[in-house]
Amino acid sequence: MMLSRIEYNERIADGVYVMGLDAGEIAPSARPGQFVHVLVDRDKYLLRRPFSICDVDGGTIKIMYRVKGVGTELMSRAMRGESMDIMGPLGKGFNEVRGRVAIVGGGIGLAPLVYLARRIKSGTMFIGFNDEPFGLDFISNPGLDIRVATTNGTTGYRGNVVDLFEDTLSSERYDYMYACGPKPMIKEIKRVCKEHEIPGEASFEERMGCALGACMVCSIPVKDGDKFKYKRICKDGPVFNIDEVIFGGVA
Ligand SMILES: Cc1cc2nc3c(=O)[nH]c(=O)nc-3n(C[C@H](O)[C@H](O)[C@H](O)COP(=O)(O)OP(=O)(O)OC[C@H]3O[C@@H](n4cnc5c(N)ncnc54)[C@H](O)[C@@H]3O)c2cc1C
């Protein structure tokens with residue numbers, strides 16, 4: 001746990017912000033897919049809020065967040081020079097693999113994929129938005145082809161990003177896939193990857209308590225042979241093999 005200084009906190013789209021935090025101790029060891037747990041106001045709120053490490057630049061970590069409720073609303077009003085109490089880097093990040101990869105992200109699901117994208121040698125990044133794209137200028141990797149889908153068709157492919165990914169697979173082949181986005185989207189990606197025999201992993205979200213593996217609040221069901229067991233998003237994830245996660249409950 002450390003107090004970090006806010007270096008910038010900028011609005012980049014409607015309700016979406018990027019915050020740079022001077023996180024000298026956390027930045028050097030942070031891996032793509034890991035997250036920080038942020039205490040937004042120690043007097044008002046007991047629970048921390050988890051945010052993916054969007055990128056690392058020297059001793060600065062960047063987080064990209066969408067204003068959702070009270071915590072993120074407060075964060076959006078924080079000013080440069082103020083301090084934030086953060087814990088991290090937490091969780092298991094993305095595995096780095098060889099070969100040609102596809103990265104598939106939806107909306108704010110782009111956040112953990114930016115840092116990952118910088119490490120990729122070759123492949124395609126498929127990013128979907130409802131309307132105006134954001135954060136694409138954070139991705140700087142000449143080895144990566146970036147394709148955008150928007151639901152309203154204002155930029156790139158008209159439709160959802162999973163359809164764009166699936167259409168592309170009729171002519172292109174990938175050795176591995178990484179994803180982050182809403183659960184229904186990841187479920188669809190799992191189907192597509194299964195049909196095309198592409199192994200992969202995805203970053204998952206669940207309400208979280210301690211983020212240290214003790215409270216079990218963020219547990220999700222995963223396959224265990226022909227049975228199932230629970231794994232904790234905070235400690236065993238947030239990145240899981242896409243094939244092991246059970247969608248839609250186990251009851
Ligand atoms: C591993 C992980 C990484 C994440 N990375 C990002 C990111 O990079 N950018 C981003 O915008 N969002 C991210 N989220 C979601 C983000 O944590 C929530 O949007 C945020 O906690 C909402 O806080 P709030 O106080 O504004 O909302 P409120 O709804 O007021 O929050 C109430 C409580 O519910 C929890 N909560 C609400 N929604 C979520 C959620 N989706 N996931 C986990 N806890 C939630 C809050 O932490 C808080 O304790 C991530 C979640 C996880 C689990």
Side-chain angles (χ1 to χ4, degrees), residues 9-21 23 26-27 30-56 60-78 84-94 103 105-117 127-130 133-136 138-139 178-186 201-220 222 230-240 242 245:
N9 188 27
E10 291 159 9
R11 180 184 172 279
I12 56 163
D14 194 20
V16 181
Y17 291 74
V18 288
M19 183 183 276
L21 292 161
I26 293 175
R31 288 169 36 106
Q34 288 191 296
F35 66 98
V36 285
H37 216 197
V38 178
L39 189 60
V40 285
D41 182 333
R42 67 171 68 241
D43 298 322
K44 273 193 182 150
Y45 306 114
L46 180 66
L47 289 175
R48 289 171 179 267
R49 271 70 175 159
F51 296 96
S52 304
I53 294 170
C54 173
D55 213 346
V56 176
T60 303
I61 58 161
K62 180 192 279 183
I63 57 176
M64 185 194 294
Y65 63 96
R66 184 183 286 288
V67 173
K68 191 173 172 227
V70 287
T72 42
E73 215 283 313
L74 262 181
M75 281 168 67
S76 72
R77 287 191 269 129
M84 280 276 173
D85 181 330
I86 61 174
M87 243 165 71
L90 298 170
K92 291 206 174 102
F94 293 105
I103 303 179
I108 198 67
L110 171 64
L113 304 176
V114 170
Y115 191 19
L116 173 74
I127 296 290
F129 300 91
N130 285 332
F134 57 82
L136 296 176
F138 299 146
I139 305 156
Y178 298 100
C180 185
K183 231 184 216 165
M185 175 189 136
I186 303 208
E201 50 195 74
S203 180
F204 287 81
E205 267 184 27
E206 207 49 73
R207 286 192 172 231
M208 204 169 266
C210 70
L212 298 170
C215 75
M216 308 287 177
V217 166
C218 61
S219 301
I220 55 164
V222 298
Y230 285 99
K231 282 192 178 176
R232 301 153 302 180
I233 293 216
C234 67
K235 198 80 181 166
D236 307 310
V239 176
F240 293 93
I242 199 163
V245 174

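Just so you know, ligand 1 is whichever comes first in the structure, and atom 1 is the first atom listed for that ligand. Hydrogens, waters and symmetry mates are skipped; everything else that's a heavy atom, side chains included, is used.
Looking at residues two or more places apart in sequence or on another chain, you find a side chain to side chain contact (heavy atoms under 4.5 Å, CB included) between Glu206 and Lys183, Cys218, Ile220, Ile233.
One side chain, Asn9 or Tyr65, offers a donor N or O that lies under 3.5 Å from an acceptor on the other.
Ligand 1 lies under 4.0 Å from heavy atoms of Phe35, Leu47, Arg48, Arg49, Pro50, Phe51, Ser52, Met64, Tyr65, Arg66, Lys68, Gly69, Val70, Gly71, Thr72, Ile108, Ala111, Glu205, Glu206, Arg207, Met208, Pro238.
Summarising the geometry, atom CG belonging to Leu39 is positioned 9.5 Å from atom CG belonging to Leu47; distances are rounded to the nearest 0.5 Å. Taking OG of Ser76 as the start and CD of Glu10 as the end, the distance is 13.5 Å to the nearest 0.5 Å. Rounding to the nearest 0.5 Å gives a distance of 12.0 Å between OG1 of Thr60 and CD1 of Ile26.
No side-chain heavy atom of Val114 sits less than 4.5 Å from a side-chain heavy atom of Lys62.
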